[in-house]
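These notes are about the structure you will find just below.
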Amino acid sequence: MTTYYKFPITFLFFLIFTLQSILAQDIKKEIKALKDTAQLKEGGDKVLALKDVGMRFRSVNMDSARYYMDMAFRQAEIMDDDHFRARIWVAYGVLSQDEGRPKEALDFHLKAKPILENSKDYYVLGSLYTNISNAYEALSEFDKAVDFQLKALENFKAGNDSLWIAGSYLNLGNRFKLIEEPDLSLEYYLKAMEMYKVMGNQYMLISSYNSAASAYIVKKEYDTAFEYAKKAFDGFGSMGARLDQAYPVTNMALASWGLENFEEAERYYIQAISLQEERGERLALYFLRNDLANVLLKQGKKIKAEELALTTYQEAEQIDFIPAIDVLSKTLSLIYEEKPDFEKAYVYHQKHKEARDSLYFAEKASEMFNLKEKYESEQKENEILRQQNALVEGELVLKNRNSMLMGSGALLAILLIVGFLIFREQKVKAKNFARETALEKAMAEARAQENLKEQRLRIARDLHDNIGSQLTYLTSITDSAKRGIDRGEVFLMEKLTQMKQFSLVTISELRDTIWAMNKDEISLEDIKERTQQLAATVHEATDDKINVKVEGNPDHKVLNAFVGMNLFRIIQESVNNAVKHSGSDQIQVRFVYVDEKVQIEIEDFGKGFDTSKESTGNGLHIMRNRAKKAGIYFNQESLIGKGTKVTLQVKT
């Protein structure tokens, strides 16, 4: 099975159900009751009643949902009331999220945020923060998603709102599922499930069944996952929530896939796609079609798998939806390897590597855990401050009493007491100084631990991005050679040559990674020396047909290891691009200083290219992404017939 479920495929289902109190009754009857209620309301109550009708229609018909939401907004406009406008903006955001437009949803929510934060209503604020969290998760900004979900949970707890507290548990379960912490995810889901049982909230209980199913899928307990998903599917069906059945049927498909019941999985995926097309959840459809392509490939239906994956990939590329491009490029690489068409397989493997480089899932996961620790630490710090305030108040009372006694005493007594107070104040200052010193020491240790975490994360990402992908493709070539062993000596020699090339690249990148791992800082001299080694490699590989000249004398200034490693990688990629594409026999790498910044220029004198038709291909996209993450200025210029020049700048 694929492992893209770090990014949400069914997240919209889990995150948007708790926008209103859901009664355990037939949905059509509930909608009728809500419509009857709305007719009796006036003013702001009518706005909210119409909103509730629109929100309830989401499970039945999205056109009707928007119709009633528009009615609610018109009523708010008639009242000319910003608070009620903001309430409807939030609801519009939920509809946009349902239809796969999280950026639009976030814009609606942030527009409402400054207005609703003045309401001091725990329910309203908790709902707002939950929806902002949902939008950030859909945009892969998991740190912000967790931050706002914790804010939502604080408000719901302050308001003692059990329904929404349970909903927050569901959402937090989803966040931990995204970073592949299924045990922690399941723990939150089961908390929510127990709360819904106690409340007798049948609709949300059914929702939590499906959430639990998703956690069991990550744990690879597929029989249990299918059982929970089937309970959710049947439950939604009995309530008339037909469109909501898209989510449990997706989990039924995943569980069937895990159990290698591929024909059943295909049938369930087709059903889920049909329901999501009716709902209009565009983002979920990319992942469902990718899964279906994989299931078709498992059954040997290569042509159908290729057509489906290629069409979906092109749609994802049109909107630059990186998570979908990531999983679909990987699927297409597998499909072309099976056909076999190794040239296309390699192209899509590189596209997959590029998408991986853009996502930085490991960093996002680390940020989520840091936020959780920050949240828990803040709670403890608030309690400590409360206790300290109580002590200070007690001390003030004592001082007032002492002042009254001193006023009735003699001058000598006053002087003695003043002297005592001065001594006491000095003692308190000494204690405070000792406390501050201990705190600074603890903070320094915490920063050291954080630096160690960042170092480990950097090493892990570099090994994954630069070496893991090469080894993966090397394994693919090996498997291909095994399957084609009877195709003759020419075929095997081709495979062995490919294996050698990828092995050499892997060894080179491993050396670079070890070089960076052993350093807390990387000097400009180190980078120049590595660039000279790269130049020697190019000379040898091209039989001295291409000369790479390294100029300039960087001083002893140093960069942190992350910036230094990324700077060298960009230089390396720029030189490689010039060797492959420029047709020039001369390449210059110059280290110069401009306005207290080191500037590196990589220039060839070859054929150049038309920048107006520039394609954001693998190498260029990765270089720009590395530069952005490391705070390096990056610019590329090219003239046809004159050559290409890459300019980098970094503060020292």
Inset, instruction - Could you walk me through whether Asp107 and Lys103 pass salt bridge (Lys or Arg N to Asp or Glu O under 4.0 Å), step by step? - result: CA-CA 6 Å; Asp107 290 341; Lys103 180 64 172 66; 3.1 Å; yes
Legend entry - For Lys46 against Ala38, the heavy-atom pair lying closest together: NZ-O, 3.1 Å
Inset, instruction - Determine, for Asp81 against Arg85, whether the closest basic-nitrogen to carboxylate-oxygen distance falls under 4.0 angstrom. - result: no
Inset, instruction - Could you tell me whether Lys32 and Asp36 make a salt bridge, using a distance below 4.0 angstrom between a side-chain N and a carboxylate O? - result: yes
Inset, instruction - Can you measure from CD (Glu281) to CD (Gln276) and round to the nearest 0.5 angstrom? - result: 4.5 Å
Inset, instruction - Taking atom NZ of Lys41 as the centre, report whether more than 12 heavy atoms of other residues, nucleotides or ligands fall under 6.0 Å from it. - result: no
Inset, instruction - Flag the pair Tyr196 / Tyr203 as yes when their ring centroid distance falls below 6.0 Å, and as no otherwise. - result: no
Legend entry - Side-chain H-bond candidate by donor/acceptor type, Asn134 with Gln97, under 3.5 Å: no
Inset, instruction - Identify the two heavy atoms, one from Ile88 and one from Met69, that lie closest to each other, and give their separation to 0.1 Å. - result: CG2-O, 3.9 Å
Legend entry - Pro248 side chain near Lys230 side chain, heavy-atom distance below 4.5 Å: no
Legend entry - side-chain contact (heavy atoms from CB on, under 4.5 Å) between Leu275 and Arg242, worked out: CA-CA 8 Å; Leu275 288 167; Arg242 184 179 61 83; 3.7 Å; yes
Inset, instruction - Show your reasoning for whether salt bridge (Lys or Arg N to Asp or Glu O under 4.0 Å) applies to Lys113 and Glu117. - result: CA-CA 6 Å; Lys113 182 173 177 285; Glu117 284 182 330; 3.1 Å; yes
Inset, instruction - Kindly determine whether Glu266 and Gln299 satisfy side chain to side chain donor-acceptor pair (under 3.5 Å), including the steps that lead there. - result: CA-CA 10 Å; Glu266 180 182 352; Gln299 298 177 79; 2.9 Å; yes
Inset, instruction - Take Glu77 and Arg74, measure what salt bridge (Lys or Arg N to Asp or Glu O under 4.0 Å) needs, and give me the verdict at the end. - result: CA-CA 5 Å; Glu77 290 280 70; Arg74 285 195 295 271; over 6 Å; no
Legend entry - For Ser119 against His83, the heavy-atom pair lying closest together: CB-CE1, 4.0 Å
Inset, instruction - Show the numbers, then the answer: is there a side-chain contact (heavy atoms from CB on, under 4.5 Å) between Ile319 and Tyr286? - result: CA-CA 12 Å; Ile319 63 170; Tyr286 291 123; 3.4 Å; yes
Legend entry - Donor-acceptor contact below 3.5 Å, side chain Asn201 vs main chain Lys197: no
Inset, instruction - Identify the two heavy atoms, one from Phe321 and one from Leu283, that lie closest to each other, and give their separation to 0.1 Å. - result: CE2-CD2, 3.7 Å
Inset, instruction - Say whether, by atom type as modelled, one donor and one acceptor occur between the side chain of Ser214 and the main chain of Ser211 under 3.5 angstrom. - result: yes
Inset, instruction - Answer yes or no: is there an ion pair linking Glu99 with Arg58, defined by an N-O contact shorter than 4.0 Å? - result: no
Inset, instruction - Measure the shortest side-chain to side-chain distance between Ile325 and His352 over non-hydrogen atoms and say whether it is less than 4.5 angstrom. - result: no
Inset, instruction - Check whether any side-chain heavy atom of Asp183 sits under 4.5 Å from a side-chain heavy atom of Lys219, and report yes or no. - result: yes
Inset, instruction - Evaluate the ring pair (Phe, Tyr, Trp, His ring centres under 6.0 Å) criterion for residues Phe156 and Tyr122: first the C-alpha distance (whole Å), next the side-chain angles of each, then the deciding distance (0.1 Å), finally the verdict. - result: CA-CA 6 Å; Phe156 294 141; Tyr122 294 129; 9.6 Å; no
Inset, instruction - Would you please test Met195 and Met199 for side-chain contact (heavy atoms from CB on, under 4.5 Å) and show each step? - result: CA-CA 6 Å; Met195 291 189 71; Met199 287 184 279; 4.1 Å; yes
Legend entry - Note, Met193 side chain near Tyr209 side chain (heavy atom, < 4.5 Å): yes
Legend entry - Modelled atom types, side-chain donor and acceptor of Asp70 and Tyr92, under 3.5 Å: yes
Legend entry - Gly173 backbone acceptor or donor facing Ser185 side chain under 3.5 Å: yes
Legend entry - Side-chain (Asn210) to main-chain (Ile206) donor-acceptor, under 3.5 angstrom: no
Inset, instruction - Inspect the surroundings of CZ in Phe262 and state if more than 12 heavy atoms from other residues, nucleotides or ligands are less than 6.0 Å away. - result: yes
Inset, instruction - Check for a donor-acceptor pair, side chain of Asp161 on one end and backbone N or O of Lys157 on the other, with a separation under 3.5 Å. - result: no
Inset, instruction - Any chance you could measure Ser256, atom OG, to Tyr268, atom OH, to the nearest 0.5 Å? - result: 5.5 Å
Inset, instruction - May I ask you to check whether Asn290 and Thr331 show a side-chain donor-acceptor distance below 3.5 Å? - result: yes
Inset, instruction - May I ask you to check whether Tyr169 and Tyr189 place their ring centers less than 6.0 Å from one another? - result: no
Inset, instruction - Would you please classify the geometry between the Phe57 ring and the Tyr68 ring as parallel, tilted or perpendicular, with 30° and 60° separating the classes? - result: parallel
Legend entry - Charged N-O contact under 4.0 Å between Lys330 and Asp326: no
Inset, instruction - Please report the shortest heavy-atom distance between Ala309 and Ala293, naming the atom on each side. - result: CB-CB, 4.0 Å
Inset, instruction - Give a yes or no answer on whether the side chain of Thr311 reaches the backbone of Leu308 with a donor-acceptor pair at less than 3.5 Å. - result: no
Inset, instruction - May I have the step-by-step check of side-chain contact (heavy atoms from CB on, under 4.5 Å) for Leu170 and Tyr188, ending in yes or no? - result: CA-CA 6 Å; Leu170 273 184; Tyr188 277 104; over 6 Å; no
Inset, instruction - Report the distance from atom CZ of Phe226 to atom CG of Leu259, rounding to the nearest 0.5 Å. - result: 8.5 Å
Inset, instruction - Measure the shortest side-chain to side-chain distance between Ile322 and Asp320 over non-hydrogen atoms and say whether it is less than 4.5 angstrom. - result: yes
Legend entry - Minimum heavy-atom distance Tyr222-Ile217, with the two atoms named: CE2-O, 3.8 Å
Legend entry - Short side-chain to backbone donor-acceptor contact, Gln245 and Phe233, under 3.5 Å: yes
Inset, instruction - Answer yes or no for Lys151 and Phe148: cation-pi contact, defined as NZ/CZ to six-membered ring centre under 6.0 Å and angle to ring axis within 45°. - result: yes
Legend entry - Rounded distance (nearest 0.5 Å) linking atom OG of Ser133 with atom CG of Leu172: 7.5 Å
Inset, instruction - Determine, for Glu227 against Lys231, whether the closest basic-nitrogen to carboxylate-oxygen distance falls under 4.0 angstrom. - result: no
Inset, instruction - Before accepting this row, confirm whether a basic side-chain N of the pair Arg282/Glu315 lies closer than 4.0 Å to the acidic partner's carboxylate O. - result: no
Inset, instruction - Check whether the ring centres of Tyr216 and Tyr228 lie less than 6.0 Å apart, and answer yes or no. - result: yes
Inset, instruction - Any chance you could measure Ile270, atom CD1, to Arg289, atom CZ, to the nearest 0.5 Å? - result: 12.0 Å
Legend entry - Donor-acceptor under 3.5 Å (Asn118 side chain, Pro114 main chain): yes
Inset, instruction - Look up atom CG in Leu292 and atom CZ in Arg267, then write down how far apart they are to the nearest 0.5 Å. - result: 13.0 Å
Inset, instruction - Give a yes or no on whether the backbone of Glu264 and the side-chain of Asn261 come within a donor-acceptor separation of less than 3.5 Å. - result: no
